[in-house]
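The structure under discussion appears below in the form of structure tokens.
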Protein chains: 4
Amino acid sequence: MAEKPVPDASRRSEASRRAIHDAALALVAEVGYPRTTVEGIAARAGVGKQTIYRWWSSKADVLLEAFLDLGERAAREAGQRPDALPDTGDLAADLKLVLRATVDELHDPRFEAPARALAAEGLVNPRLGAEFVAGLLEPQLGLYARRLRSAQEAGAVRPDVDPRIALELFLSPLAQRWLQRTGPITYAYTDTLVDYALHGLAPR
Amino acid sequence: MAEKPVPDASRRSEASRRAIHDAALALVAEVGYPRTTVEGIAARAGVGKQTIYRWWSSKADVLLEAFLDLGERAAREAGQRPDALPDTGDLAADLKLVLRATVDELHDPRFEAPARALAAEGLVNPRLGAEFVAGLLEPQLGLYARRLRSAQEAGAVRPDVDPRIALELFLSPLAQRWLQRTGPITYAYTDTLVDYALHGLAPR
Amino acid sequence: MAEKPVPDASRRSEASRRAIHDAALALVAEVGYPRTTVEGIAARAGVGKQTIYRWWSSKADVLLEAFLDLGERAAREAGQRPDALPDTGDLAADLKLVLRATVDELHDPRFEAPARALAAEGLVNPRLGAEFVAGLLEPQLGLYARRLRSAQEAGAVRPDVDPRIALELFLSPLAQRWLQRTGPITYAYTDTLVDYALHGLAPR
Amino acid sequence: MAEKPVPDASRRSEASRRAIHDAALALVAEVGYPRTTVEGIAARAGVGKQTIYRWWSSKADVLLEAFLDLGERAAREAGQRPDALPDTGDLAADLKLVLRATVDELHDPRFEAPARALAAEGLVNPRLGAEFVAGLLEPQLGLYARRLRSAQEAGAVRPDVDPRIALELFLSPLAQRWLQRTGPITYAYTDTLVDYALHGLAPR
DNA sequence: CCTTAAGCGAGACGGTACGTCGTGTCTTGGC
DNA sequence: GCCAAGACACGACGTACCGTCTCGCTTAAGG
């Protein structure tokens, strides 16, 4: 069993890491994911190919890390990262507010290309899919689950409802519309989703 | 501008078409979509590469057609193609029944590899995504929309509800769980989705 | 045992073959053998790398074939290929004449770079060395051996002398001076070699 | 113009130098010259790459020094270094004796791989070729020249013969046979060379 | 004795070339 | 004129070494 020698992370060049992140994101935005190549990233970053292969196992890996890093940086510079959803007591209003912000984000082209590419890659590559979900999706879902639990305590949501499933009622439709382009993404749409999810389809 | 000469479809070899379909599906199932190549399909089908490029524009195209064809053949041999969802008058029961069948289908390995691959390709390639949605998703969604409209007429669903949005409440979560592997796909899960979607999360 | 599929030689592109020969010779002459690369030859010849690897196994192989081909073409266009050394009856004069022509050839820069490179490669790579000897050296040596045998019949060379060894007395020193740059290559030098070889070093 | 700082030879690690020599010779013997790499030598010697590049300019340089060093060590431990050829008065016998020893040496595998590699490299790289000739060949040739001059004084060789050329008559054929593998290397062969060279090919 | 500057092992780095694989086009010969 | 076969130009892959560049760590000399 030939062990592949683990590189010494303490000697890693931070400058190269950043340059590679930036090059990967720029290329995906400019020419699209399939025409982004490891060779192209290396050339754009002014870096040898081996430096990429030393630290990542594929272009998908590079892009995932770059994207997560971008998210963190964006969050940090956009002031405090909200570690919780707003909780005014009005669940519907709170959810609509947050989802409208999400709608705006989904329309941001800097976000779109890499996110879509990573989602696609994740469908076919389970390892990457798991990392994508764990690093990006899961933290968000947690916030929604917490807000729903709070609403349960306040009596605004039935106590027998499972928050982890409940949140899918309005989040999954939005995600699918965006990913699969099955319909327009508007404030009206997300508002409607919240209303339907909270009060159901059957008449009261 | 030299038009690319359109091949004469009437002289097309049906045997080759079938062989290519079968080879594509087999290879995707055996080695996965990324390692399936046009060359490999041609070799497996005992066909020249040009025969593939004459009639399709990419391996994704081949696979999409093969998959749709497979669906049709499966439907035909599985008796009548249901051109409508069951309508016993009990909306919840009908939906649960159909979704349970879908759960079974999603666990079928012959279905899984190509479907996932096509979905992934569709995320990144809008043209293919549109064909995928139009050819596969849309017909299904139409059936659900029809069933919901029937329920509205029967008074089982609020008249102001938009069926095209309503159906997303239980279908999108299922689709996303399957595609992104964010959770288990069980009868209990789909049953729960139907219940939540129909009656909402807020207490009555 | 995985057989490598033998390419179909009847479909081979003659134009590519020539272009590759020319590119290889030009590059070796211009930048030297070590800085000549397969990639460079392919680019210069306007050819894909695979086309080189399909028909040759290394850059040394390409160069050897190109060089032999060049020799044949040069011979053909320089009128009849002499299939024998001159035989005027005066062995010393005949040898001196031919060796002076060889001296001229060894000073031809188009000849020098590839010949030296191939000789060097042949020292280290037995297979190539054998081909080099068989294709280039051996035919020449044969001519000298024949001339010596003729001289033996005429009584100008002792009958017990082995011509295959005898010819080395004047050819090997010339070859070595040229290859290892151990001394100047002049008419006077080759004349001297012939004299020494024919009459020996010991006084008569 | 920034001069490259000359390293301080007085602080040089003798142990590393020896380890590098040994590693170079061992690798050339084991895997051949082309597959011997600076990195490989460093790893085998337990030495940093920079230590090699600090003191040598190429792997050929390393090997040349290692080989010369090996020769000196071998000479020293094999008793006295003969700084002259034997001179019994019988030139033919003396030459045959020495050449038979050379034949033995040429068959020694420890000698073969590096010597051949260095000769090959020297063909293509004039600087190294010159060092190879000056360091290895020239001293040997000088001994033969001296012996021939002594024979001239004794009247055993014609006085008008140039010893530097004369020695090539029997040394170059041997060298070429060995380097280019154009024939077997035997005592009989070298004996014959001496006879032919001394007495010539023409009848007396 | 203690600094201090060199050589040193180690190995990451920007590069170049390798030899292989797959793409989509083109050509040949068979039907 | 479609087809099987496969050569071709091209482009990217992932690997191997190159020669340079830091890193800490001995390890003398010289103050």
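On a predicted model such as this, the values are computed, not experimentally measured, just so you know. Order of the sequence lines sets the chain letters (A, B, ...), proteins ahead of strands, with each chain counted from 1.
You'll find that the side chain of B/Y53 is closest to E/dT23, out of F/dG14, E/dT23, F/dC8. Minimum atom distance to the side chain of C/V47 is reached by F/dA9, of the listed F/dC17, E/dG22, F/dA9.
The nearest whole Å value for the distance from the CZ atom in A/R44 to the C1' atom in E/dG14 is 18 Å. Between the CZ atom of D/R54 and the C1' atom of F/dG19 there is a distance of 13 Å, rounded to whole Å. C/I41 has its CD1 atom 12 Å from the P atom of E/dA17, to the nearest Å. Taking atom CH2 of residue B/W55 and atom P of nucleotide E/dG24, one finds them 18 Å apart after rounding to whole Å. Taking atom CZ on B/R17 and atom P on F/dC3, their separation rounds to 12 Å, with Å as the unit. Computed from coordinates, the A/Q50 CD to E/dC18 C1' distance equals 13 Å when rounded to whole Å. We find that NZ of D/K49 is positioned 13 Å from P of E/dA10, with the value rounded to whole Å. Distance CD1 (C/I52) to P (E/dA17): 14 Å, rounded to an integer number of Å.
Note on D/R17 versus D/D69: salt bridge recorded, some NZ/NE/NH1/NH2 to OD/OE distance being below 4.0 Å. Residues C/E39 and C/K59 are not paired through a salt bridge, judged by the lack of any N-O separation under 4.0 Å between the basic side chain and the carboxylate. In this structure, D/D8 does not pair ionically with D/R54, as no charged nitrogen and carboxylate oxygen lie closer than 4.0 Å.
The phosphate of F/dC2 (OP1 or OP2) has no side-chain N or O of B/R12 nearer than 4.0 angstrom. Using a 4.0 Å cut-off, some side-chain N or O of B/S16 falls inside it from OP1 or OP2 of F/dA4. Side-chain N/O atoms of B/W56 include none lying less than 4.0 angstrom from OP1 or OP2 on E/dT23.
Residues B/E39 and C/G40 each lie close to DNA chain E; by heavy-atom proximity, the contact nearer the 5' end of the strand is made by C/G40. Nearer the 5' end of DNA chain E, as judged by each residue's closest nucleotide, is the contact made by A/A45, out of A/A45 and B/S57. Nearest-nucleotide positions on DNA chain F place C/T51 closer to the 5' end than the other of A/R11 and C/T51. Nearer the 5' end of DNA chain F, as judged by each residue's closest nucleotide, is the contact made by B/A42, out of A/R35 and B/A42.
By the 6.0 Å contact criterion, CZ on B/R18 is open, its count of non-hydrogen atoms from other residues, nucleotides or ligands being 12 or less.
Counting all heavy atoms, side chain and backbone alike, A/A117 lies closest to A/L63 at CB-CD2, 4.2 Å.
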